[in-house]
Amino acid sequence: MALKIVLTDCETVSANDLDLKILEKFGEVIYYPETPKDLITERIKDADVIICNKTVIGKNEIDAAKNLKLITLFATGYNNIDVKYAATKNIAVCNAGSYSTHAVAQQTFSYILDHASKIALYDADVKGGSWIRSRLFSVFSRPTFELLGKTIGIFGYGAIGRQVANIANAFGMNILVCTRTPRPELDTIPVTYVDLDTLLENSDFVTLHCPLNEQTKGLFDENAFKRMKKGAYFINTARGAVIDEQALVDALNTDHLAGAAIDVLAVEPMQADCPLLNAKNIRITPHVAWAPKETRMRVLDTVVKNIETFLEGCPQNRVN
């Protein structure tokens with residue numbers, strides 16, 4: 001069965017460095033680098049399959065696509081799709097679960113190591129002449145610390161959270177986990193399951209690896225940041241709307257938190273008035289934790305497999 005496939009925002013997954021033409025084995029493929037909101041319904045109206053990353057596909061868009069049978073995402077998160085309404089129309093929605101596990105865990109620890117070892121700051125100091133001016137062989141002017149014995153609090157314990165825990169264990173860290181569905185039978189390393197208050201109050205690092213849903217939206221607010229240990233470090237590579245951005249700014253600017261690293265925002269791309277731009281001691285990356293080339297190749301392979309299994313009558317990674 002030849003399909004009409006529409007990629008609504010293919011530039012979000014490939015900078016001309018992936019071979020998207022592999023999808024053409026399924027039928028006609030129409031490629032759009034990105035799709036403005038006012039053009040979505042026109043572009044998808046004849047599609048059998050929609051492949052997207054962040055394009056919003058709600059009730060109106062689904063109703064406009066009379067032939068639609070499958071929506072498959074270049075992403076793990078699917079909060080941009082009305083999955084419940086799609087199910088009422090017998091439209092399968094498939095995500096790309098676990099494709100970015102190693103990349104996101106790697107970036108999480110890149111932030112942690114940057115904070116602990118101050119490599120970027122020392123590099124800037126040296127290039128500014130501090131070592132040239134020094135009387136001593138070693139210029140330890142930036143306070144650094146070992147991760148050994150520090151406590152990391154992981155909120156959300158799916159594949160990414162577990163990989164972060166594996167890395168933390170290799171550094172000799174204590175690991176606290178807060179998750180909706182504990183699965184201790186899967187544990188291969190020592191972790192302690194706790195409630196959110198306990199995690200916040202006892203962690204030197206708090207890192208988020210949860211989905212965005214009604215329960216997590218805005219969960220990390222002023223009260224949550226106040227409950228964190230003074231001098232703790234906060235990391236979000238999950239979804240921007242899980243946190244109250246202004247509350248995080250306040251926690252940083254009052255020196256309650258020693259720092260933060262953010263890869264995701266409530267509104268993306270970043271707006272000029274984003275409050276995080278005014279925060280002290282923050283690292284901000286532009287939603288790239290998932291983006292190594294190997295990772296993007298993996299997500300493309302997953303989407304191909306999603307379509308293959310859909311055509312076989314047993315779609316993998318179905319979320320509705």
Side-chain angles (χ1 to χ4, degrees), residues 76-77 100-121 144-145 147 150-171 173-179 191 194 196 199-212 216 218-221 224-253 255-266 268 270 274-277 279-292:
T76 301
S100 64
T101 297
H102 292 278
V104 177
Q106 172 181 301
Q107 181 122 341
T108 297
F109 259 84
S110 296
Y111 298 136
I112 291 172
L113 291 168
D114 175 72
H115 179 58
S117 297
K118 305 295 190 295
I119 291 173
L121 294 176
T144 61
F145 57 90
L147 297 181
K150 300 298 188 295
T151 298
I152 186 170
I154 302 172
F155 183 79
Y157 207 49
I160 296 172
R162 286 183 177 275
Q163 183 61 16
V164 169
N166 288 334
I167 301 171
N169 183 64
F171 277 101
M173 301 180 77
N174 304 312
I175 304 164
L176 302 181
V177 171
C178 180
T179 182
V191 305
V194 296
L196 179 57
L199 182 143
L200 294 173
E201 292 165 5
N202 292 278
S203 298
D204 300 297
F205 296 88
V206 172
T207 179
L208 308 189
H209 302 289
C210 59
L212 174 62
T216 61
L219 180 62
F220 288 81
D221 57 9
F225 291 122
K226 284 183 177 178
R227 292 202 302 275
M228 287 180 63
K229 288 175 64 174
K230 182 172 175 57
Y233 193 82
F234 179 79
I235 301 165
N236 186 16
T237 58
R239 286 290 184 266
V242 173
I243 75 170
D244 179 329
E245 292 176 349
Q246 185 59 54
L248 176 58
V249 172
D250 294 341
L252 291 165
N253 287 351
D255 296 319
H256 179 68
L257 298 183
I262 300 295
D263 189 53
V264 288
L265 299 175
E268 295 175 347
M270 175 183 272
C274 177
L276 293 169
L277 282 171
K280 295 168 59 177
N281 300 320
I282 192 168
R283 299 286 195 202
I284 305 175
T285 50
H287 205 141
V288 292
W290 70 283

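- Residues Thr179 and Ile154 form no side-chain contact, since every pair of their non-hydrogen atoms from C-beta on lies 4.5 Å or further apart.
- The side-chain hydrogen bond (donor to acceptor under 3.5 Å, both in side chains) with Asp204 is formed by just one residue from the set His115, Lys150, Lys229; it is Lys229.
- No more than 12 heavy atoms of other residues, nucleotides or ligands lie within 6.0 Å of NZ in Lys226, so this atom counts as exposed by the packing criterion.
- Once rounded to the nearest 0.5 Å, the distance linking CG of Leu277 with CD1 of Ile284 reads 5.5 Å.
- Residues Gln107 and Val288 form a side-chain contact, since some pair of their non-hydrogen atoms from C-beta on lies under 4.5 Å apart.
- Residues that satisfy the salt bridge (Lys or Arg N to Asp or Glu O under 4.0 Å) test with Asp114, not counting sequence neighbours, are Arg283.
- Here the closest non-hydrogen pair linking Leu200 and Ala224 is CD1-O, 3.7 Å.
- Listed for the His256 side chain is a donor-acceptor partner under 3.5 Å among the backbone atoms of Met228.
- Rounded to the nearest 0.5 Å, atoms CD1 (Ile152) and CD1 (Ile235) are 6.0 Å apart.
- The main-chain N or O of Gly218 is never found under 3.5 Å from a side-chain atom of Asp244 such that the two would form a donor-acceptor pair.
- Contact record, Ala103 with Ala289: CB-O, 3.3 Å, taken as the closest heavy-atom pair.
- Note that OH of Tyr111 and CZ of Phe205 are 14.0 Å apart. Values are rounded to the nearest 0.5 Å.
- Side-chain contact annotation: Asp263 with Thr285, donor-acceptor N/O pair under 3.5 Å present.
- Ser117 contributes atom OG, which lies 7.0 Å from atom CG of Leu147 (distance to the nearest 0.5 angstrom).
- Taken from CD1 in Ile282 to CG in Leu276, the straight-line distance is 4.5 Å, to the nearest 0.5 Å.
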side-chain contact (heavy atoms from CB on, under 4.5 Å) between Ile262 and Phe234, intermediate numbers included: CA-CA 8 Å; Ile262 300 295; Phe234 179 79; 4.2 Å; yes
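- Although no hydrogens or angles enter the test, the distance criterion places a donor-acceptor pair under 3.5 Å between the side chain of Thr216 and the main chain of Pro211.
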Applying side-chain contact (heavy atoms from CB on, under 4.5 Å) to Gln246 and Val249, what does each step give before you reach the verdict? CA-CA 5 Å; Gln246 185 59 54; Val249 172; 3.9 Å; yes
Could you walk me through whether Leu219 and Phe155 pass side-chain contact (heavy atoms from CB on, under 4.5 Å), step by step? CA-CA 11 Å; Leu219 180 62; Phe155 183 79; 3.4 Å; yes
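- Contacts classified as salt bridge (Lys or Arg N to Asp or Glu O under 4.0 Å) and involving residues 231-240 (residues at least two apart or in different chains) are not found.
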side-chain contact (heavy atoms from CB on, under 4.5 Å) for Leu248 and Asn236? Distances and angles first, verdict last. CA-CA 11 Å; Leu248 176 58; Asn236 186 16; over 6 Å; no
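- Of the possible polar contacts, none joining the Glu268 side chain to the His287 backbone as a donor-acceptor pair under 3.5 Å is found.
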